[in-house]
Amino acid sequence: MARMPGAEWIGPTANLYPGGMVEHRGLVLHIQDGTEAGSESWFKDPSSEASAHFLNPKSGGLRQLVDTDDAAWTEMAGNRHWVSIENEGLGGDSLTASQIENCAQLLAWLHAQYGVPVVSTDDVNATGLIWHGAGGAAWGGHYDCPGDPVLAQRPQIIARAQQLVGQPQTPPPAPAPNYPAWPGEYLRVQQPMLHDDNVRTWQQQMAHRGWSITADGWYGPASASVCRQFQQEKNLGVDGIVGPQTWAAAWTAPVTA
Ligand SMILES: [Zn+2]
């Protein structure tokens, strides 16, 4: 039996595989797309055939519904390998400061309990902190769960969890400019070529990080090439497009090369 010290126990629910965990690869971020109370009652309703190990309200501490030795019914093919956390909020919401803290506390506990490394991953066969949509169709095809604003907060969760487990820290993440007030247009190679202040701001930041890039505000092949190399280095999806995750990482990810 494994329950997290400090988490409020709110079980049981019938929606689980008893003793069903094959392996603990890490933690899956979800967004409830609803309220904490509504999600709790839904996950306790046998007809929903759904649950999660942890619920994370917008304010207050973590709440545990499923023992982490049991498999919750949260992300289909991932259920027997991953611990799940459902964050209160609607798709497109950012996590509150307390939710980030709770996610970090949980990741730190999973590190101590199961040896889960305090890193981000988008690979369902790897280990660390992942998100629902990364599992694709096999995980139910919830590509928008937990949503870009939450994904952009992953570096903050990782940095705090590293602090909790006493690992060498990444520099404290500074909030990226224009985020979460995202400009709305991803930076990508297109015709006519994209040219604006968002491009220049990103180029200046990449130059500041040590990349060889000219801050001229034009998003052409040279910018896309730097973008791809950066995405590769940071284990982001490599597409040469600066979306919310890649944008945020330019400010929050540690400079490693
Ligand atoms: Zn989800």
Side-chain angles (χ1 to χ4, degrees), residues 4 7 10-11 13-17 20-58 62-68 70-96 98-100 102-107 110 116 120-158 161 180 236-237 243-245 248:
M4 181 181 167
I10 57 168
T13 175
N15 301 340
L16 53 78
Y17 301 119
M21 291 302 280
V22 172
E23 187 185 4
H24 294 81
R25 291 181 183 160
L27 180 62
V28 186
L29 293 170
H30 296 261
I31 193 99
Q32 292 177 3
D33 217 13
T35 64
E36 179 78 1
S39 298
E40 180 181 344
S41 68
W42 179 244
F43 292 150
K44 288 180 173 176
D45 179 349
S47 72
S48 76
E49 301 187 338
S51 65
H53 288 104
F54 292 88
L55 276 67
N56 190 9
K58 280 180 179 285
L62 274 175
R63 308 171 75 236
Q64 185 169 1
L65 176 66
V66 174
D67 189 290
T68 52
D70 300 328
W73 294 349
T74 326
E75 59 276 318
M76 299 179 71
N79 285 339
R80 292 182 184 275
H81 296 87
W82 292 87
V83 173
S84 51
I85 183 168
E86 283 278 4
N87 296 286
E88 183 181 25
L90 301 177
D93 285 356
S94 296
L95 299 178
T96 64
S98 121
Q99 285 177 311
I100 290 173
N102 289 344
C103 287
Q105 295 275 353
L106 176 52
L107 186 57
L110 294 172
V116 170
S120 281
T121 183
D122 293 329
D123 178 356
V124 298
N125 296 309
T127 51
L129 180 65
I130 200 168
W131 52 288
H132 192 178
W139 283 20
H142 290 246
Y143 299 98
D144 293 333
C145 182
D148 285 339
V150 175
L151 291 187
Q153 292 175 308
R154 270 203 300 178
Q156 292 178 56
I157 297 170
I158 294 293
L236 298 162
Q245 280 188 78

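All ligand and atom numbering here is 1-based and tracks the order in the structure. Because the structure is a prediction, the values reported are computed rather than measured.
- Protein N/O/S atoms found under 2.8 Å from the Zn ion (ligand 1): His30 ND1, His132 ND1, Cys145 SG.
- A search for salt bridge (Lys or Arg N to Asp or Glu O under 4.0 Å) contacts involving Glu36 returns Arg63, not counting sequence neighbours.
- Shown here are the side chain to side chain contact (heavy atoms under 4.5 Å, CB included) partners of Thr74, two or more places apart in sequence or in another chain: His30, Ala52, Ala72, Asn79, Ser84, Glu86.
- With sequence neighbours excluded, the residues forming a salt bridge (Lys or Arg N to Asp or Glu O under 4.0 Å) with Asp122 are Arg154, listed by chain and number.
- Residues Thr13 and Ser51 approach most closely at CG2-CB, 4.3 Å, considering heavy atoms.
- When only modelled atom types and interatomic distance are considered, Ser47 and Asp45 share a side-chain donor-acceptor pair under 3.5 Å.
- Looking only at side-chain heavy atoms (C-beta outward), Phe43 and Ile10 stay at 4.5 Å or farther from each other.
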